[in-house]
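What you see is a predicted model; the values in this text were computed from it and never measured. Atom set for the values below is all heavy atoms of this structure, side chains included, hydrogens, waters and symmetry mates excluded.
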Amino acid sequence: MKPAAFDYYAPNTVDEALELLAQLGEDAKPLAGGQSLVPMMNFRLARPASLIDLNRIAELDHLAAAEDGSLRIRAMTRQRSLERSAAVARQWPLIAEAVAHIGHVQIRNRGTVGGSLSHADPAAELPAVMVALDAELVIHSRTGQRMLSAADFFLGHYQTAVEPSELLVEVRVPLPPARTGWSFQEVSRRHGDFALAGAAGLVTLDQHGAISRARLAFVGLGPTPIRSIAAEDSLVGQQPSDSIWGDAAALASRDLDPDADVHATAAYRRHLGEVLARRVLIEAAKRASAAP
């Protein structure tokens, strides 16, 4: 298959891209890494009248820690850059662990952070990770900028809060508290396939070893990344023990809304979610207890 005919634009700045988005309207699509959009166009699942190629915009390709301690990821940062960053592995290890599950190296070499988030595939790893990390997303238009929490960014299958005239330009990830452990796990038919289910977890311990903070978000178990507030709240104030993890995972499973398809039933996916929730919480707590 080949894509339907389209007009092609290659702006050199964010302002130029925003001007094009405003002029061309809803029939225009930004092109980032193209690892999702181009196959959809080839199968005629997407038929944009215009493509706005962001790859020449150098200001959108940057990864660094800011003065406030947060990680700033510009939208065109390649996924492979996250995977290879020593700073990310040291201070935001949940990101590094999750990125290794995205497709294969060839995909991560081209795929971008902003492209993955804007595509909003509920089976993708980065959306759930950003929800778990309480990331903020910076969205620009010709009239200014606004910021959304990752939890408010995703609206449904392949739907985000970004308007046709807007562009996601940056992700800001706060530094996790001291003594925070992490874990990302997923189940897929083969390495590199989309996950049947996945979970991202964070557990923070206080000076007495009790849980002071927990985060739990799921991949592929609803129309958006699902965060289980009930499970998180149930853990706060408790000492880590075998019994609490199963109870929290069971609570979390009530929040899940998986689909059924040729790969797995909804019931099986829900079961996977509960199993993975328990596993990531246990591993995150162990890593937190080993932290200095």
(request) Measure the shortest side-chain to side-chain distance between H191 and H104 over non-hydrogen atoms and say whether it is less than 4.5 angstrom. (result) yes

(request) Answer yes or no: is there a donor N or O on one side and an acceptor on the other, between the side chain of R227 and the main chain of R215, under 3.5 Å? (result) no

(message) Just so I know, are the side chains of L63 and R72 near enough to count as touching, which here means a heavy-atom distance under 4.5 Å?
(response) no

(message) Same cluster or not: M130 versus L202, using hydrophobic residues (I, L, V, M, F, W, Y) connected whenever any side-chain heavy atoms lie under 4.5 Å apart?
(response) yes

(request) Considering non-hydrogen atoms only, spot the tightest contact between G209 and L205 and give its length. (result) O-CD2, 3.7 Å

(request) Nearest 0.5 Å please: distance from the OH atom of Y268 over to the CG atom of L196. (result) 6.5 Å

(message) Could you tell me if E83 and Q79 have a donor-acceptor pair between their side chains, going purely by distance under 3.5 Å?
(response) no

(request) Rounded to the nearest 0.5 Å, what's the gap from CG on L281 to CD1 on I211? Could you check? (result) 8.0 Å

(request) State which residue, out of I57, L24, L167, fulfils the side-chain contact (heavy atoms from CB on, under 4.5 Å) condition with I52. (result) L24

(message) Can you confirm whether more than 12 heavy atoms, excluding those of R189, are under 6.0 Å from its CZ atom?
(response) no

(message) Can you tell me how far apart CG (L133) and CH2 (W92) are? Round to the nearest 0.5 Å.
(response) 10.0 Å

(message) Within the 4.5 Å heavy-atom criterion, are M41 and F6 side-chain neighbours or not?
(response) yes

(message) What verdict does the side-chain contact (heavy atoms from CB on, under 4.5 Å) test give for D261 and R269, after you've listed the backbone C-alpha separation in whole Å, the side-chain angles of each residue and the deciding distance to 0.1 Å?
(response) CA-CA 10 Å; D261 58 23; R269 281 194 164 97; 3.1 Å; yes

(message) Quick one, L137 with E170, criterion side-chain contact (heavy atoms from CB on, under 4.5 Å). Give me CA distance, side-chain angles, the key distance, then yes/no.
(response) CA-CA 6 Å; L137 282 67; E170 187 175 74; over 6 Å; no

(message) To the nearest 0.5 Å, what is the distance between CG on L82 and CD1 on I102?
(response) 8.0 Å

(message) Quick check on the hydrophobic clustering: are V113 and F194 connected, directly or via other members, by side-chain heavy-atom contacts under 4.5 Å?
(response) no

(request) Output, in order, the C-alpha distance, side-chain angles, deciding distance and verdict of side-chain contact (heavy atoms from CB on, under 4.5 Å) for V99 and R108. (result) CA-CA 8 Å; V99 168; R108 301 193 293 273; 3.9 Å; yes

(request) Drop me the distance from T13's OG1 to L54's CG, to the nearest 0.5 angstrom. (result) 11.0 Å

(message) Can you confirm whether E26 is buried at CD, in the sense that more than 12 heavy atoms of other residues, nucleotides or ligands lie under 6.0 Å from that atom?
(response) no

(request) Would you check if T112 and L117 make a side-chain contact, meaning some heavy-atom pair closer than 4.5 Å? (result) no

(message) So which atom in P127 and which in P225 form the shortest heavy-atom distance, rounded to 0.1 Å?
(response) CB-CG, 3.5 Å

(message) Does any part of the side chain of D257, heavy atoms only, come nearer than 4.5 Å to the side chain of P223, both counted from C-beta?
(response) yes

(message) If the test is side-chain contact (heavy atoms from CB on, under 4.5 Å), which one of V203, L94, V280, I95 qualifies with W182?
(response) L94

(message) Given 3.5 Å as the limit, does a donor-acceptor pair link the side chain of S234 with the main chain of A231, or not?
(response) yes

(message) Any salt bridge linking E16 with R56? Criterion: basic side-chain nitrogen under 4.0 Å from a carboxylate oxygen.
(response) no

(request) State, to 0.1 Å, how close S212 and V236 come at their nearest heavy-atom pair, and which atoms those are. (result) O-CG1, 4.0 Å

(message) To check you understand the geometry: which heavy-atom pair defines the closest contact between A178 and T204, and what is its length?
(response) O-CG2, 3.5 Å

(request) Group every Ile, Leu, Val, Met, Phe, Trp and Tyr by side-chain heavy-atom contacts under 4.5 Å, then state whether L216 and L221 land in the same group. (result) yes

(message) Between D68 and S70, is there a side-chain donor-acceptor contact under 3.5 Å, judged purely by atom types and distance?
(response) yes

(request) Output yes when E283 and R287 qualify as a salt bridge under the 4.0 Å nitrogen-oxygen rule, no when they do not. (result) yes

(request) Applying side-chain contact (heavy atoms from CB on, under 4.5 Å), run through F218 and L276 and close with a yes or a no. (result) CA-CA 9 Å; F218 293 94; L276 290 173; 5.6 Å; no

(message) Side chains of H119 and Q35, heavy atoms from C-beta outward: is any pair under 4.5 Å?
(response) no

(request) Drop me the distance from R179's CZ to Q207's CD, to the nearest 0.5 angstrom. (result) 8.5 Å

(message) Using every non-hydrogen atom in the two residues, find where V129 and A200 come nearest and quote the distance to one decimal.
(response) CG2-CB, 4.4 Å

(request) Report yes if the side chains of E166 and T160 come closer than 4.5 Å at any heavy-atom pair, otherwise no. (result) no

(request) Return the minimal non-hydrogen interatomic distance between S183 and A284, and the atom names on each side. (result) CB-N, 4.1 Å

(request) Decide whether I226 and L251 are clustered together by the hydrophobic rule: side chain heavy atoms of Ile, Leu, Val, Met, Phe, Trp, Tyr closer than 4.5 Å, transitively. (result) no

(message) For R80, I'd like to know if atom CZ has over 12 heavy atoms of other residues, nucleotides or ligands within 6.0 Å.
(response) yes

(request) Run through D53, L21, L168, L51 and flag the one making a side-chain contact (heavy atoms from CB on, under 4.5 Å) with P30. (result) L21

(message) Counting C-beta onward and ignoring hydrogens, is there a side-chain heavy-atom pair between I282 and R278 closer than 4.5 Å?
(response) yes

(message) Just checking H157: does its NE2 atom have more than 12 heavy atoms from other residues, nucleotides or ligands closer to it than 6.0 angstrom?
(response) yes

(request) Kindly work out whether a path of hydrophobic side-chain contacts (I/L/V/M/F/W/Y, heavy atoms less than 4.5 Å apart) joins L18 to V138. (result) yes

